[in-house]
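Reviewing the structure listed below.
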Amino acid sequence: MSAARGRFDASLERLHRLYPKLIDLKLDRLVRLLGALGDPQLRLPPVIHVAGTNGKGSVCAFARAMAEAAGLRVHVYTSPHLVKFNERIRLAGALVSDEALAGALDEIEAANEGNQITVFEAITAAAFLLFARVPADLCVVEVGLGGRFDATNVVRPAACAITSISMDHQDFLGDTLGVIAAEKAGIIKPGVPVVVGAQVSEALAAIMDAARLAAAPLLLRGRDWEVAAVPDGLRFEGLDLPPPGLPGVHQAENAAIAMMALRAAGFAFSPEVLAAGLRAVEWPARLQRLHGALLALLPPGSELWLDGAHNPGGAAALAAQLRAWGGAATLILGMKQAKDVGEVMRILLPHAAQIFAVAEPGQHLALPVEAIIAASGGRAVAGPDVRGAMTQITAPARVLICGSLYLAGEVLKLDAGGVV
């Protein structure tokens with residue numbers, strides 16, 4: 001491990017030790033810290049700010065791929081990471097280095113002067129500090145949680161995007177779709193265009209109310225733009241485009257949201273550039289097919305897929321893909337505590353030939369295997385971990401590992417043979 005990596009890990013561990021929990025939802029701590037740093041969030045390239053429950057990361061990945069296909073330099077801030085923390089911050093197209101990470105966190109600690117701060121706020125400040133110093137043409141920022149009081153909501157965007165909204169993080173955001181949507185619509189800024197994917201009526205009403213109060217132009221799917229999956233790709237606003245590089249029937253909408261957000265932010269790309277970006281896009285653990293060490297544990301002729309779906313909305317998108325594949329799949333499911341495992345099970349069980357409940361040793365706040373089995377009504381059996389589940393599969397199968405991005409990170413480590 002490099003000295004810079006050790007310094008960064010020590011700084012991050014110190015932040016977690018000093019400020020282990022979310023204190024409350026407000027932005028004044030971060031605004032104070034950013035002011036001490038010279039307000040880097042005000043010195044960014046044009047920003048596309050992305051909120052929603054499911055698909056945020058995919059929209060960011062599509063926007064980056066298309067902009068880079070046009071030759072632009074793109075900063076990207078996403079969360080959480082899967083394997084290595086550096087995945088959260090891309091500087092002009094490249095993952096941030098250990099040295100830059102360590103240096104930025106050192107500056108954050110010095111500027112903060114021991115004041116109260118959350119870990120995510122400190123990391124966000126570090127990202128904006130780095131983004132302000134490295135030249136780029138576009139900055140794509142994913143909301144961490146909610147929108148209104150999220151640490152990323154200090155940016156001044158050129159365009160906003162809101163992906164599909166479903167029930168998640170009710171302990172922080174509220175227990176109805178309308179309330180959750182209002183929190184996510186908190187990223188809407190006066191006069192700034194906002195691209196909105198398909199929503200249920202309760203969520204859409206809250207978003208439209210927020211846009212009206214901010215006099216922000218709305219670009220709604222079904223009213224202002226449309227996309228359709230066709231046999232050989234996508235049809236978007238009169239353009240025939242190739243299929244997205246990210247598999248899944250739900251990715252057509254995410255790709256279109258990215259294209260609309262780029263357009264709304266002032267980036268006019270040719271159909272050829274959009275097509276190149278669609279082909280080139282990469283975003284791990286979103287219906288990612290695995291070909292590494294884990295596949296070798298399955299009977300010959302099997303397929304192994306990985307998806308981070310972890311809430312009812314994500315499960316519904318996954319179920320749609322399982323229907324499109326045809327035939328029941330073998331599911332290996334591990335979830336995080338406090339997630340709605342019962343509803344996720346209700347959605348996925350009709351598409352499962354077998355289901356194994358798992359919890360990896362390194363999986364953050366993993367739900368116990370016994371709780372997953374109970375939520376399945378006894379249909380699931382204990383893995384009890386991913387390798388254990390796979391050794392119980394005795395015939396060729398399409399196997400899908402899902403339920404948590406944290407589980408997905410552990411699976412990617414396993415699939416690489418434990419090498420990160």
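Quick caveat, the model's predicted, so the values are computed rather than measured.
- Legend: salt bridge (Lys or Arg N to Asp or Glu O under 4.0 Å) pairs involving residues 292-304, not counting sequence neighbours, sorted by first then second residue: Arg289-Glu303, Glu303-Arg398.
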Listing, residues 276-284 side-chain donor-acceptor contacts under 3.5 Å, not counting sequence neighbours, or none:
none

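- Contact between Ile187 and Ala161 at its shortest, heavy atoms only, is CD1-O, 3.8 Å.
- The two atoms that bring Met260 and Phe236 nearest to each other are SD-CZ, 3.7 Å, heavy atoms only.
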- Task: Check the pair Leu44, His75 against side-chain contact (heavy atoms from CB on, under 4.5 Å), reporting the backbone distance first and the verdict last.
- Result: CA-CA 9 Å; Leu44 304 180; His75 295 328; 5.8 Å; no
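- A salt bridge is absent between Arg32 and Asp28: the closest approach of a Lys/Arg side-chain nitrogen to an acidic carboxylate oxygen does not fall below 4.0 angstrom.
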Show me, pair by pair, the donor-acceptor contacts under 3.5 angstrom made by side chains of residues 349-356, not counting sequence neighbours?
none

Side chains of residues 365-372: which donor-acceptor pairs under 3.5 Å do they make with residues two or more places apart or in other chains?
none

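- In this structure Thr124 satisfies the side-chain contact (heavy atoms from CB on, under 4.5 Å) test together with Tyr77, Phe120, Phe128, Ala151, Thr152, sequence neighbours excluded.
- Counting only distance, with no hydrogens or angles, the side chain of Asp137 and the backbone of Arg73 share a donor-acceptor pair below 3.5 Å.
- Of all heavy-atom pairs between Pro40 and Leu34, the closest is CD-O, 3.7 Å.
- Residues Ala264 and Val195 come closest through the heavy atom pair CB-CG2, 4.4 Å.
- The side-chain hydrogen bond (donor to acceptor under 3.5 Å, both in side chains) pairs that include a residue from residues 247-256 are Ser58-Gln251, Arg221-Glu253, Gln251-Asn254, where partners are two or more places apart or lie in different chains.
- Salt bridge annotation for Lys413-Glu410: present, with a cationic side-chain nitrogen under 4.0 angstrom from a carboxylate oxygen.
- Leu306 has its side chain within reach of Leu412: a pair of non-hydrogen atoms, C-beta onward, lies under 4.5 Å apart.
- Listed by chain and residue number, nothing satisfies the salt bridge (charged side-chain N to carboxylate O under 4.0 Å, His left out) test with Asp39 (two or more places apart in sequence, or in another chain).
- To the nearest 0.5 Å, atom CG of residue Asp307 and atom OG of residue Ser404 are 11.0 Å apart.
- A side-chain N or O of Asn311 and one of Asn54 form a donor-acceptor pair less than 3.5 Å apart.
- Between the Lys56 side chain and the Gly52 main chain, a donor and an acceptor come within less than 3.5 Å of each other.
- Under 4.0 Å is where a charged nitrogen must lie from a carboxylate oxygen, and between Glu99 and Arg5 no such pair does.
- Shown here are the side chain to side chain donor-acceptor pair (under 3.5 Å) partners of Arg286, two or more places apart in sequence or in another chain: there are none.
- Residue pairs meeting the salt bridge (Lys or Arg N to Asp or Glu O under 4.0 Å) criterion with at least one member in residues 316-325, sequence neighbours excluded, do not occur.
- Among residues two or more places apart in sequence or in another chain, the side chain to side chain donor-acceptor pair (under 3.5 Å) test is passed with Glu107 by Arg133.
- With sequence neighbours left out, Ala206 forms a side-chain contact (heavy atoms from CB on, under 4.5 Å) with Ala181, Ala182.
- Nearest heavy-atom pair, Ala63 versus Ala258, reported as atom, atom and distance to 0.1 Å: N-CB, 3.7 Å.
- Ala329 approaches Leu322 most closely through the heavy-atom pair CB-CD2, 3.9 Å.
- Atom CZ of Arg156 has 12 or fewer neighbouring heavy atoms from other residues, nucleotides or ligands inside a 6.0 Å radius.
- With sequence neighbours left out, the side chain to side chain donor-acceptor pair (under 3.5 Å) criterion links Asn153 to Lys189.
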